[in-house]
Amino acid sequence: MPTNGCCLKRTVAEPLLLGLLVAAVATAGCGSMADGDGGVRVAGSDTMLPLNRRLAETFMRDHPGVAVRVSGGGTGAGVEALLAGRVDLCAASRPFRPDEVSALFERFGSIGLRFLIARDALSVYLHPDNPVRSLTMEELAAVFSGAAGRWSDVGGADEPIEVVIRPSSSGTHHFFRDHVLGDADYAPSALVAARPSDVEEAVRLRPAAVGYGGIVPGLDLVHLLIDGAEPGPEAVRRGDYPLSRYLYFFATRPPAGAAADFVDWCLGPEGQRVVAEVGFIPLWVEP
């Protein structure tokens with residue numbers, strides 16, 4: 001196993017429950033945790049971390065005196081921080097699960113609010129030496145569940161497939177499992193990469209490896225065509241690419257003060273331009 005900072009471990013995948021948090025967005029009335037110090041605290045999705053950092057940096061440049069503190073740890077960690085009242089916004093790469101919605105209601109008497117921030121296409125990475133360039137959704141499920149154990153099972157070389165996944169605290173872990181594997185589990189021999197960059201590094205170091213992540217990183221890796229479509233903005237907007245998703249901010253109550261200003265700015269032209277600059281897909285295309 002690599003020793004140059006790529007954090008991997010073996011795992012047996014856990015069962016998954018996914019649910020949709022239905023939320024209405026309001027902008028007035030309740031206060032925000034940011035009211036006390038004029039700052040905004042955001043934690044959660046590692047996939048969104050580069051985007052959130054750039055959004056925060058650009059917002060702070062345009063709003064001197066307002067601090068936006070951003071951290072990662074995965075969507076699950078962001079949910080925990082939101083429930084504990086440590087952050088104003090949870091950054092999430094998946095909808096909240098039913099148990100998380102229930103916990104929100106028990107803690108705050110509300111199921112919270114959801115803000116769409118950007119769109120993302122989940123890309124499947126291969127090493128450049130791997131001759132495979134395209135898989136169907138059925139073949140992708142066979143690869144990540146372990147039903148296909150060798151690349152020759154899906155048209156590649158006669159080499160064992162090394163599956164690399166994100167940990168169960170990651171929203172990307174759950175999104176991929178729900179949309180690709182359905183009721184199946186990840187391959188028991190799968191390697192767990194703690195961060196998106198660890199997935200990329202694992203695939204760079206292992207010619208027989210396969211992993212997944214956002215369309216932004218890993219540009220030196222092969223990005224597989226899925227059902228004949230490539231992971232890119234145009235394919236996502238046309239509905240051709242099957243692994244696309246929204247990226248979210250969640251709050252326990254309507255933001256106010258600096259938190260409201262930050263959310264409004266992220267959803268406006270300046271914030272959506274940052275979304276495009278970082279490599280994610282804006283919610284709309286400017287005329």
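Just so it is clear, the values below take in all heavy atoms, side chains as well, and ignore hydrogens, waters and symmetry mates.
- Residues Val40 and Leu89 come closest through the heavy atom pair CG1-CD1, 4.3 Å.
- Checking side-chain atoms of Thr58 against main-chain N and O of Arg54 turns up a donor-acceptor pair under 3.5 Å.
- Of the charged side-chain nitrogens involved, none lies within less than 4.0 Å of a carboxylate oxygen, so that Glu159 and Arg150 do not count as a salt-bridged pair.
- By the side-chain hydrogen bond (donor to acceptor under 3.5 Å, both in side chains) test, Tyr241 is found to be paired with no residue, residues two or more places apart in sequence or in another chain being considered.
- Panel note: side chain Ser110, backbone Phe105; no donor-acceptor pair is recorded below 3.5 Å.
- The main-chain N or O of Ser123 is never found under 3.5 Å from a side-chain atom of His223 such that the two would form a donor-acceptor pair.
- Closest heavy-atom contact between Ala260 and Pro255: CB-O, 3.5 Å.
- At distances below 3.5 Å, not a single donor-acceptor pair connects side-chain atoms of Trp265 with backbone N or O atoms of Phe59.
- Residue Leu116 comes nearest to Leu283 through the heavy atom pair O-CD1, 3.3 Å, listed as atom of the first residue, atom of the second, then distance.
- For residues 128-145, there are no salt bridge (charged side-chain N to carboxylate O under 4.0 Å, His left out) pairs, not counting sequence neighbours.
- Checking each of Val199, Ile165, Leu224 against Tyr212 for a side chain to side chain contact (heavy atoms under 4.5 Å, CB included) leaves exactly one that passes, namely Ile165.
- Of all non-hydrogen atoms in Pro131 and Ala157, the two that sit nearest each other are CG-N, 4.4 Å.
- At a threshold of 4.5 Å between side-chain heavy atoms, the hydrophobic network of Ile, Leu, Val, Met, Phe, Trp and Tyr places Val180 and Leu225 in two separate groups.
- The structure places CG of Asp185 at 9.0 Å from OG of Ser145, a figure rounded to the nearest 0.5 Å.
- Relative ring orientation between Tyr186 and Phe176 is described as parallel, the plane-to-plane angle staying below 30° on a 0-90° scale split at 30° and 60°.
- Figure legend: Arg114 and Phe250 shown without cation-pi pairing, the cationic atom not lying both under 6.0 angstrom from the six-membered ring centre and within 45 degrees of its axis.
- Residues forming a side chain to side chain contact (heavy atoms under 4.5 Å, CB included) with Thr252 (at least two apart in sequence, or on another chain): Leu82, Leu104, Phe108.
- In terms of the side chain to side chain contact (heavy atoms under 4.5 Å, CB included) criterion, residue partners of Pro282 (sequence neighbours excluded) are, by chain and number, Arg237, Gln272, Val275, Ala276.
- Taking all atoms of both residues into account, the shortest heavy-atom contact from Ser244 to Val236 is CB-CG1, 3.7 Å.
- Judged by the 6.0 Å distance and 45° axis criteria, Arg119 is positioned over the aromatic ring of Tyr246.
- At a cut-off of 3.5 Å, with distance as the only test, no side-chain donor of Ser168 or His173 sits close to an acceptor on the other residue.
- In summary, the side chains of Thr172 and Thr47 do present a donor paired with an acceptor at a separation below 3.5 Å, with no hydrogens or angles considered.
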Practice prompt. Might you work through the side-chain contact (heavy atoms from CB on, under 4.5 Å) test for Phe144 and Val124, ending with a clear yes or no?
Written response: CA-CA 11 Å; Phe144 275 87; Val124 179; 4.2 Å; yes

Worksheet item: Where do Phe262 and Leu55 land on the side-chain contact (heavy atoms from CB on, under 4.5 Å) test, with the steps shown first?
Response: CA-CA 9 Å; Phe262 178 63; Leu55 288 169; 4.2 Å; yes

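- With hydrogens and angles disregarded, a donor-acceptor distance shorter than 3.5 Å links the side chain of Asp88 to the backbone of Arg41.
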Worksheet entry | Arg204 vs Glu200, salt bridge (Lys or Arg N to Asp or Glu O under 4.0 Å): CA-CA, chis, key distance, verdict | CA-CA 6 Å; Arg204 286 191 188 99; Glu200 299 167 55; 3.3 Å; yes

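- The side-chain hydrogen bond (donor to acceptor under 3.5 Å, both in side chains) test applied to Arg107 returns no partner, not counting sequence neighbours.
- In this structure, Glu106 contributes its side chain and Ala103 its backbone to no donor-acceptor pair below 3.5 Å.
- Within the 3.5 Å criterion, the main-chain N or O of Ala193 finds a donor-acceptor partner in the side chain of Arg166.
- Shown here are the salt bridge (charged side-chain N to carboxylate O under 4.0 Å, His left out) partners of Asp62, two or more places apart in sequence or in another chain: there are none.
- Here Ser134 contributes atom OG and Asp227 contributes atom CG; the two are 8.0 Å apart, rounded to the nearest 0.5 Å.
- A distance-only check finds a donor-acceptor pair linking the side chain of Asp153 to the backbone of Gly149 [under 3.5 Å].
- Residues Asp46 and Gly74 approach most closely at OD2-N, 3.5 Å, considering heavy atoms.
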